[in-house]
Amino acid sequence: MLPASAGSINLSDSSDSIKVVKGQVSNYYIPVHNTYQITGRVTDTDGKPLEGATVMFFASPSHCNTDAEGNYHLTATDIDLHIYVYYPGKDFANVIRKKGDRNINVEMVSSTGISVSLPRHKAQATPWYDPYNNSTSTYCNPLNISYNYESYDDNVKAQGSFRSSADPMALTYKDHYMLFSTNQGGFHYSRNLSDWDFCTASFQRLPTDDDQCAPAAYVVGDTLFYTGSTYKGLPIWYTTDPWSGRWRQAVECSTLPSWDPCLFVDDDGKLYLYYGSSNEYPIKAVELSRDNFMPISKIHDVLMLDPEHHGWERFGMNNDDDTTLRPFVEGAYMTKHDGKYYLQYGGPGTEFKIYADGVYVGDNPLGPFTYQKHNPMCYKPGGFVQGSGHGGTFADLKGNYWHVATCMLSLKYKFERRIGLYPMAFDKDGIMYSNTAFGDYPCWNADKDIKKPSDRFAGWMLLSYGKKATVSSVDSIYGASNLTDENMRTFWTAKTGNPGEWAQLDLGAVKDVKAIQLNFYDYKTVQNNRANDIYYQYRIWASDNGTDWTLAVDKSDNDKDSPHDYLELKSPLRTRYIKVENLHMPSSGYFCLSEIRVFGSTDGKRPTQVQGLKVLRSHKDPRNAFLSWRPSSGAYGYNIYYGIAADKLYNSITVLGNKSYNFRGLDTSGNYYFAVEALGETGCSELSKTIKK
């Protein structure tokens with residue numbers, strides 16, 4: 001008697017031959033195999049024969065039924081190795097035979113009642129989270145949108161399925177915020193910039209195509225116009241009801257090789273196109289006809305990278321690659337403010353943590369433009385979310401400015417990316433700047449009318465960094481410590497995606513938890529493009545002692561795709577241990593997370609003010625500086641602030657664990673001002689003494 005064992009096999013066999021049969025309409029290709037009979041007997045655990053049991057091969061139409069003595073005869077080939085048996089009231093039997101096995105008896109056990117799928121039932125509301133009436137006032141990067149899976153592409157199959165989106169732009173349309181980005185098959189939309197839904201609007205022609213790479217959109221009256229990147233020419237579509245899925249062509253084919261396009265309508269109604277993505281050619285600008293979208297002005301070369309003078313524009317993970325390629329300029333975007341034209345651009349490469357957006361300023365939409373002294377305009381080379389390039393700027397319904405940008409992941413493939421959202425503004429001198437100092441912490445969303453970008457930070461500190469994690473199982477090298485290392489490019493995976501797999505954090509003491517971010521990752525997932533059945537279901541449990549558990553969050557009834565699920569709690573959850581229990585994973589993937597991030601507060605004094613800050617700016621190459629400082633008591637990390645004046649420390653770099661930083665992103669001309677603050681679970685320290693270099 002062979003034991004029943006779960007599993008599946010590869011049914012391919014290179015020894016198969018094919019017979020071609022001529023039909024009335026077409027030829028038929030019939031595989032030819034050597035066949036033989038498999039026999040055996042099906043019984044219960046007491047040896048009683050089971051009459052009418054169905055014996056079949058897994059994933060095959062071949063089958064037979066047992067006679068009164070439980071005997072069966074089934075025609076087989078050498079590739080039919082997985083025998084699959086069903087009888088009412090019994091569990092399915094799975095038997096894997098060897099090619100030489102011809103007589104196989106099967107013993108069936110009584111059903112355990114365990115279903116292969118999770119029964120649907122109403123999730124429980126708790127004092128901390130109501131899954132059906134959740135009010136969100138904050139958001140946390142990366143944005144929690146339903147990132148599409150890459151289209152079918154032989155170049156990336158070896159690394160497995162992965163999600164990605166990039167090159168975002170956003171706008172307001174009929175009291176909604178609409179987010180357009182690469183390869184999504186539609187657009188995301190929101191009313192508060194926290195909670196996003198998706199609407200299909202696909203223009204994909206071939207299975208290997210991105211759908212609307214680096215799209216551009218603009219609004220005139222009640223009409224939304226939309227197009228994508230092209231060298232050969234694409235239609236420009238329009239609609240007055242994007243949620244209907246109906247779009248019409250304004251023109252059938254654009255005329256310019258407008259990769260990474262930006263379409264900008266000035267106050268006088270004139271339409272302009274900015275485009276280009278190259279490490280050889282500059283960004284270009286041209287006025288277009290509103291009637292047929294043909295160019296009606298000269299095509300102007302408006303900007304090119306200057307890495308010899310702008311350190312942040314140099315190629316490499318830390319602006320440290322001078323040999324592989326020249327850096328890329330791309331992702332043009334135009335914003336008008338107080339009569340000035342702010343032409344934004346991305347560089348030097350989307351696969352690097354130093355990917356950023358800079359800005360040139362002019363008095364005319366076609367230039368000339370002058371490099372803004374404060375640059376890059378949006379910059380985030382440190383922390384959990386890294387990179388902030390090729391983005392777009394928009395104003396919310398209260399008149400506050402935001403910048404959406406591309407974040408680096410680049411783990412399975414260089415174009416594996418996410419999207420971040422950062423508050424931005426123009427200062428009294430017309431300087432355009434964004435705030436990324438707490439760009440991967442909870443920040444207040446668009447429901448709040450906040451004018452100063454730094455005031456968006458909710459003040460909830462990271463409680464999970466470096467904390468001990470224990471898990472139900474581990475597959476290969478992807479261990480539990482990856483859950484708390486604040487690195488999006490590492491992950492933990494269980495051995496399966498089955499219900500009951502879990503991951504648990506020990507916060508070290510009882511603390512006030514105000515938000516949790518679960519960053520799911522794809523391991524052994526099989527998925528291309530978008531599907532409606534992709535979602536995660538789980539429960540989060542809390543405990544003071546690691547033994548007695550209270551349900552804190554129940555998402556067992558979830559059917560919304562939330563790969564970076566951000567949970568803002570209704571009231572602080574006082575707990576030491578947090579356990580995430582898997583209930584359902586999409587697309588046959590394993591239970592896998594790149595990070596469990598916990599935010600809140602704990603009792604105690606704030607970290608001490610940073611002392612001993614030193615900035616050694618290279619005399620040989622003033623684009624480089626080495627920063628160091630003495631460690632601060634109670635700190636898990638630091639924010640380095642720098643800028644072109646003591647009151648313009650607009651850019652920041654998050655450094656975790658270390659007390660130094662090798663900085664290679666300065667411009668050669670002018671002085672810079674530097675200061676550092678310490679980050680701890682009890683809050684932030686006062687800013688250090690400012691140093692001019």
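Predicted model only: the values in this text are computed from it and were never measured. Start at 1 with the first residue, then count along the sequence.
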Could you tell me how the ring of [X] sits relative to the ring of [Y]: parallel (under 30°), tilted (30 to 60°) or perpendicular (over 60°)?
X	Y	answer
F58	H82	parallel
W444	W460	perpendicular
W549	Y577	perpendicular
F162	Y413	tilted

Strictly by modelled atom types, are [X] and [Y] linked by a side-chain donor-acceptor pair under 3.5 Å?
X	Y	result
D522	Y149	yes
Q212	N183	no
S660	N658	no
N144	D565	yes
D557	Y132	yes
Q527	S587	yes
E501	T496	yes
R417	T350	yes
S181	S165	yes
N639	T654	yes
Y422	N435	no

With ring centroids as reference points, do [X] and [Y] lie under 6.0 angstrom apart?
X	Y	result
F57	Y84	no
F180	H188	no
Y535	H584	yes

For the pair [X] (side chain) and [Y] (backbone), establish whether a donor and an acceptor sit closer than 3.5 Å, ignoring hydrogens and angles.
X	Y	value
S633	P607	no
S464	V598	yes
S652	A437	yes
D512	P572	no
N528	E150	yes
N445	T136	yes

- prompt: Centre of W128's six-membered ring, under 6.0 Å away, within 45 degrees of the axis: is that where NZ or CZ of K570 sits?
  reply: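 Checked: cation-pi criterion not met.
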- prompt: Do you know which of D195, N519, T138, L143 makes side-chain contact (heavy atoms from CB on, under 4.5 Å) with Y566?
  reply: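 Of the listed residues D195, N519, T138, L143, the side-chain contact (heavy atoms from CB on, under 4.5 Å) partner of Y566 is T138.
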Euclidean distance, [Y] [atom2] relative to [X] [atom1], rounded to 0.5 Å:
X	Y	atom1	atom2	answer
Y129	E568	OH	CD	10.0 Å
R456	L421	CZ	CG	9.0 Å
Y590	K495	OH	NZ	10.5 Å
S146	Q184	OG	CD	7.0 Å
L569	F599	CG	CZ	12.0 Å
R530	T200	CZ	OG1	7.0 Å

Under 4.0 Å between a side-chain nitrogen and a carboxylate oxygen: does that hold for [X] and [Y]?
X	Y	result
D506	R576	yes
D197	K560	yes
R539	D554	yes
K380	D440	yes
E681	K467	yes

message: For L462 and E486: C-alpha separation, side-chain torsions, deciding distance, then whether side-chain contact (heavy atoms from CB on, under 4.5 Å) applies.
response: CA-CA 10 Å; L462 186 64; E486 276 296 279; 3.4 Å; yes
Neighbour count >12 (heavy atoms, 6.0 Å) for atom CG, N532: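 Result for CG/N532: open.
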field: side-chain contact (heavy atoms from CB on, under 4.5 Å) evaluation trace for V42 with V55
entry: CA-CA 9 Å; V42 179; V55 183; 4.0 Å; yes
task: Take Y536 and L518 through the side-chain contact (heavy atoms from CB on, under 4.5 Å) test and state the conclusion after the steps.
output: CA-CA 10 Å; Y536 304 86; L518 300 183; over 6 Å; no
- request: Would you please test V95 and V85 for side-chain contact (heavy atoms from CB on, under 4.5 Å) and show each step?
  value: CA-CA 8 Å; V95 177; V85 187; 5.8 Å; no
task: Please lay out, stage by stage, how D396 and W402 fare under the test side-chain hydrogen bond (donor to acceptor under 3.5 Å, both in side chains).
output: CA-CA 7 Å; D396 66 24; W402 300 81; 2.9 Å; yes
- prompt: With Y478, which of W492, Y523, F591, Y521 fulfils ring-ring contact (aromatic ring centres under 6.0 Å, His included)?
  reply: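 For Y478, the ring-ring contact (aromatic ring centres under 6.0 Å, His included) check succeeds only for Y523.
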